[in-house]
Amino acid sequence: MDDKILQIINTVLTNRGKKTLEVFNRDLRLRDDIGFDSLDLAELTVRIEAEYGIDIFEDGIVNTVGEILKKIK
Amino acid sequence: MELFYVDEQNSEIITWNNFIDQINTTKIYNRFCYNSSIYSVLKHITISIIYNKPIILLDGDFTIDEIENLTGEREFSRFEEKLNQKLIKDKNELIKILQHESFDKWSLTLFTSGTTGLPKKVTHSYRSITRNVKTSEIHKNDIWGYAYNPTHMAGIQVFLQAIINGNMLVRLFNIIPSLLFSSIEKYSVTNISATPSFYKTFLMSNMTFPSVKVITSGGERFNESLSLQLKKIFPNARFKNIYALTEAGPLFTSTGDIFTVENTEMIKIEDNRLYLHHSLLGNFNFDDEWYDTGDIVEIVGNNPLQIRFLTREKELINVGGYKVNPHEVEQVLLQLDEVNDAVVYSKTNSVIGNIIVADVILSKPITEVQIRKFLSSKIQEYKIPRIIRFVDKIELSRTGKIKRI
């Protein structure tokens, strides 16, 4: 599951022409560390929903990679 | 030192004295404003007003192709003209000029997503654009969080409201969340006007902002659960919704989702569609008496007339308050030899209202990265599909659900 999420995050980064992540770290913050803006997060949530059927931002409070994993468990 | 504009992201701190000095030392004017610096755009607008000259606002992130499509020009240096310099003494004199002169030769032109392909050009006079600016003693100490693009209607409205009252502006637009939160605290921002998508950023802050007294929201529908959460984050704020159009400026305000219409003879509702009287509109290619907004409303009360917005009939896609015309994006995709057919539509999500998705049928191989590179040379970033799917056949409906990406 970690690999799949890493791959989705990297797809979003590649599409924006940003550097992809090599190591997966659950503490990474989506906005401040990975550098996602609102549009990136919107794309991320649509891609994750397509894969897992879960809207991770439904209640608006996902800040880190680890919190995504918790939501889709 | 009285501050006029601060931008923590670019470390710009402009006092009123700096601002007035820079206006006083400007010698050349160009009616076309195509600049990616927010402060430069605000200064350009101010100079155009003071010198009573027309201004044409172009988004700083328009591509050269888009600029040429809109204006017929790729370059604007031949529009430069020398100014007969006027000297402004100080802040008070500037405000007095802005409040009392009529600026009959000034006009402001901007572009809005048209329904048929190309963006639509709309021109406003000083009188029509400042119709909703409120000046009074109670606004004297307002500090505005600036959360809109300065080349769009909402950004112009906030700017004029602030400058005409001599208020300070704090940039909140397109900055990283940590700076957004600290800027509001540091400068004790009292008023913010923004889209619901923008306000969603605050849900992750775990902070409260007691300095904020008025929260205005527009551009998209505001849902009740967001509003309840925001009331905790801005405990001292009054909440206001605003319905505005680039063609007309702000029209109605409300506290919840029901808007009260004061000027009932200026609007007409037929088959639940909202029409505006032409006297409310700026100047664009339109000659009829009533203008169809494309918005579908329901009447929830009479005396006074109260309406609720249900949906838009137009096919424009609202991406965090920016309107995207899917036909425009499709036409650009079809310019690629490798693309046989394309359909552009929206996918709703809970972060911002919609993102843009394109289904594309290829005739020859091309990668998603190559398509993106081509699109970014042709159209603004927010119009570029976030998800491009290569498909064998195109679904008929734009609202068709995606099962798998």
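So that the names make sense, note that chain A is the first sequence line, chain B the second, and so on, each numbered from 1.
B:Ser350 and A:Glu58 make their closest contact through OG-N, 3.6 Å (heavy atoms, listed as atom of the first residue, atom of the second, distance). What you find for B:Val351 and A:Ser38 is that their closest heavy atoms are CG1-O, 3.6 Å.
Looking at A:Asp32, the atoms closer than 4.5 Å to chain B (heavy atoms on both sides) all sit in the side chain, from C-beta outward. B:Ile355 touches chain A through its side chain: at least one heavy atom from C-beta onward sits under 4.5 Å away, while N, CA, C and O do not.
No side-chain N or O of B:Asn349 forms a donor-acceptor pair with one of A:Thr45 less than 3.5 Å apart.
One distance of note links CD of A:Glu43 with CD1 of B:Ile356; it measures 12.0 Å at 0.5 Å rounding. Taken to the nearest 0.5 Å, the CD1 atom of B:Ile175 stands 13.5 Å off from the CG atom of A:Asp37. The NZ atom of B:Lys347 lies 12.5 Å from the CZ atom of A:Arg47; values are rounded to the nearest 0.5 Å.
Within a 6.0 Å sphere centred on NZ of A:Lys19, other residues, nucleotides and ligands contribute 12 heavy atoms or fewer.
Between chain B and the residues A:Asn15, A:Thr11, A:Thr14, A:Asp40, the most heavy-atom pairs under 4.5 angstrom are made by A:Asn15.
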